[in-house]
2 protein chains.
Amino acid sequence: MKKVTISDIARKLNMTASTVSRALANNTRVSESTRAKVQVTAREMGYQPNVMAASLRKGTSDSIGMIVPRINRHFFSNVISGVEEILNPAGYNLVIIQSGEMLSREVKAVESLLQNRVGGIIISLSLQTNSFEHLQEVIKHNVPLVQFDRVTKSLPGSKITNDNYTGGYLATRHLIKCGFKHIAHFSGSYKLRAYRERKAGYIAALEEAGMKVDEKLIVDDVITRDAGYSHIHKLVMRTSADAVFCAGDYSALGAMEGLKSLGYHIPDQFGIVGFANEPFSELMDPALSSVEQNALEMGNKVAAAMIKAIQKEEVPEEEVIPVRFIGRSSSWKDYR
Amino acid sequence: MKKVTISDIARKLNMTASTVSRALANNTRVSESTRAKVQVTAREMGYQPNVMAASLRKGTSDSIGMIVPRINRHFFSNVISGVEEILNPAGYNLVIIQSGEMLSREVKAVESLLQNRVGGIIISLSLQTNSFEHLQEVIKHNVPLVQFDRVTKSLPGSKITNDNYTGGYLATRHLIKCGFKHIAHFSGSYKLRAYRERKAGYIAALEEAGMKVDEKLIVDDVITRDAGYSHIHKLVMRTSADAVFCAGDYSALGAMEGLKSLGYHIPDQFGIVGFANEPFSELMDPALSSVEQNALEMGNKVAAAMIKAIQKEEVPEEEVIPVRFIGRSSSWKDYR
DNA sequence: GTTTTGTGTGCAAACGATTGTATTTTTGTA
DNA sequence: TACAAAAATACAATCGTTTGCACACAAAAC
């Protein structure tokens, strides 16, 4: 209703707006005593700074934009929490936008954030994203860009990723140790580095164990529950696979359901390991072994990188967050 | 880097900023031809409107703030998606803030949103929220307020809630029809209307069936997995309960685990129904019967109410979203 | 041929803060 | 007491839009 401005405060205190502004900013150019006086009256009068005015003048705001494919994914919502943990206490606030895995919406999101003159943009690319002009625009406008999880090397700025390679390696090594002989791999789209890396880890583990890599056991673009269900049928029909490392828990879930429907006993007859450790994974029957990504830590790192970038400090180009393998009963056979 | 302003466009076209501004806004006071000319040049020059300047002048922005307890809850993230579905096409953008179930953070969030001069605030109250001064402030500033799910009647404005009463009623009636005789209820905090209503539905179903309501079978503040686990033990030790309607899926999960650990067979010896239909519920073994809330529709309704409120149209004070009971094997015994 | 009406533009004042520069006041020192 | 140096405050421009009002110039009405 009645909005108090610095001029109102100035008038009441018989000084100018500039002094009030500096007093509120705790600038040493105004005396200790007036600073105190101003701050008290500001509170008394219920002064609420007008962020828009300040940002307009300063040319940048203390909001930071964050674009994620979707927030109802366990991983992403936890990264968001991790980012907030650091950003909020530092006086920034987060504007979250979902791209819904669509390039068009990602482009719009970037545009909107730029128009809002955010201090920086944090992004995990949508599955559709194959062109980066919208992000070049971010760079061109001199707005710090921090990428995480789904990143592209073709852009400057910090990139924070999971240690997908090690995750794939650990998962596969575990299956090997459990005595499985023909370990298949359900991967995602090879367009995404994350999936390529998980696969590389899988292959490395096989080779380390002296097992041969059978291309027939490797299927890409199997990330949904449905895909897992249907592909596991094909797999057991056409190959001698006795275990599968899925690049995601959803396809692992589908695979498990498929195997159950075929009467397989897990893990005795077939071993399964997933990736991401979704909340449901430990609740499945049998509980699903998976690779846990430290989303919270990733969020913290992302936020820290952003703050550094804003303050024009040196930022690490690439940072890799370690993962953790969690063995559960979907694979635990002969493990010694 | 080089930011184009309306004055730049004006200079290039030999007109004034005011004309450009009106042309871009498609104001009929400027001729069709100049409007076209301006819009073309604006695009050519890569003009990005400065939202802050516009908002400063207009006194309000086209951002809408949304405060939720936490986004990593299935229900909340889906409400958010539902809100975005409506708000984004309408030209608004959402600023999401998590309160983390803490009043202090909720207060800060409101403050920050007001300082950013958002066009409206959407909120689902934190569990801690027992004072509403911060929200009175919103009203006082004439900023539209829309509440959902966790609402308080003590504030004006739209309130969109789930039909918790019917949910509780349907869940309990189902257990009755399945032949269970001593149906317990794990509720949440009675401070929340949602839990009081679910309980009321539970009682109504019992009474309708001529079954007596036994206070010993009703336990409040059991919403977590751990609480469900420990309280189910007490329940089977001290009472003759043979089924439980849990006001949340997490406590239902805990209860199921507790019962399994005691060697109970579900649903033959004990029936369980949850509430919320979390993603994991259908994956449990046995799959958990639950009450599904239509989060997406709720989000749509919330957004629609907000837009109406912004446009100063009449808004419904209270709106109730229907729920749907989903029967699964955790309760399906004698159902005819 | 003057007055009315209507178009399309331009002028200039906001909006509320920040900040470089100028001015006043205070302080310290000779 | 005088006078420079330092400290505190005031002045004024600026950020990029929006918008009420004034103005020019046309076409229409009298």
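The shown structure was predicted, so the numbers you read here are calculated from the model rather than taken from an experiment. Quick note on labels: first sequence line is chain A, next is B, and so on, each numbered from 1. Heavy-atom basis, side chains included; hydrogens, waters and symmetry copies ignored.
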(message) Rounded to whole Å, please give me the gap between CG in B:N116 and P in C:dA17.
(response) 13 Å
(request) Check whether any side-chain N or O of A:T19 sits under 4.0 Å from OP1 or OP2 of D:dA10, and answer yes or no. (result) yes
(message) Does atom CD (A:E314) have a neighbourhood of more than 12 heavy atoms from anything else shown, all under 6.0 Å?
(response) no
(message) Can you measure A:L24 atom CG to D:dT9 atom P for me and round it to whole angstrom units?
(response) 14 Å
(message) Rounded to whole Å, how long is the line connecting atom CG of A:N26 with atom P of D:dA8?
(response) 14 Å
Let me have the donor-acceptor pairs involving side chains of residues 19-26 of chain B, under 3.5 Å, with sequence neighbours excluded, atom names and distances please.
{"from": "B:T19", "atom 1": "OG1", "to": "B:T16", "atom 2": "OG1", "distance (Å)": "3.3"}
{"from": "B:N26", "atom 1": "OD1", "to": "B:R35", "atom 2": "NH1", "distance (Å)": "3.3"}

(request) Select base, sugar-phosphate, or nothing to describe what A:D8 touches, counting heavy atoms under 4.0 Å on all strands. (result) nothing
(request) Name the nucleic acid region contacted by A:S18, choosing base, sugar-phosphate or nothing; use a 4.0 angstrom heavy-atom cut-off, strictly under. (result) base
(request) Have a look at B:L192 and tell me which of B:L127, B:V151, B:N164 forms a side-chain contact (heavy atoms from CB on, under 4.5 Å) with it. (result) B:L127
(request) Pick base, sugar-phosphate or nothing for A:N27, based on heavy-atom distances below 4.0 Å to the nucleic acid. (result) nothing
(message) Nearest heavy atom decides the nucleotide; on that basis, is B:A53 or B:M15 closer to the 5' end of DNA chain C?
(response) B:M15
(request) Go through the structure and list residues passing side-chain contact (heavy atoms from CB on, under 4.5 Å) with B:S55, not counting sequence neighbours. (result) A:M52, B:V51, B:S61
(request) Starting at atom CZ of B:R35, determine the distance to atom P of C:dG8, rounded to an integer number of angstrom. (result) 8 Å
(request) Assess whether one donor atom and one acceptor atom, taken from the side chain of B:R29 and the base of C:dT9, lie less than 3.5 Å apart. (result) yes
(message) Using whole Å, what does the distance between atom C1' of nucleotide C:dA17 and atom CD1 of A:I6 come to?
(response) 5 Å
(message) I want to check one thing: is the phosphate of D:dG16, taken as OP1 and OP2, less than 4.0 Å away from some side-chain N or O of B:T5?
(response) no
(request) Scan A:S31 against the nucleic acid and name what it touches under 4.0 Å (heavy atoms): base, sugar-phosphate only, or nothing. (result) sugar-phosphate
(request) Determine whether more than 12 heavy atoms belonging to other residues, nucleotides or ligands lie under 6.0 Å from atom CD of B:Q311. (result) yes
(request) Please state how far atom NZ in B:K58 lies from atom P in D:dG16, giving the value in whole angstrom units. (result) 17 Å
(request) Give the rounded distance in Å between these two atoms: CG of B:D62 and P of D:dT17. (result) 14 Å
(request) Mind calculating the distance between CG (B:L13) and P (C:dG8) to the nearest angstrom? (result) 17 Å
(message) Determine whether a donor-acceptor pair (one donor, one acceptor, N or O, separation below 3.5 Å) exists between the side chain of B:R22 and the base of C:dG10.
(response) yes
(request) Measure from the side chain of A:L56, starting at C-beta and using heavy atoms only, and say which of C:dG16, C:dG8, D:dT17 lies closest. (result) C:dG16
(request) Tell me whether the OP1 or OP2 atom of D:dT17 has a side-chain N or O from B:S7 closer than 4.0 Å. (result) no
(request) Describe the nucleic acid contact of A:T34 in one word from base, sugar-phosphate, nothing, applying a heavy-atom distance below 4.0 Å. (result) sugar-phosphate
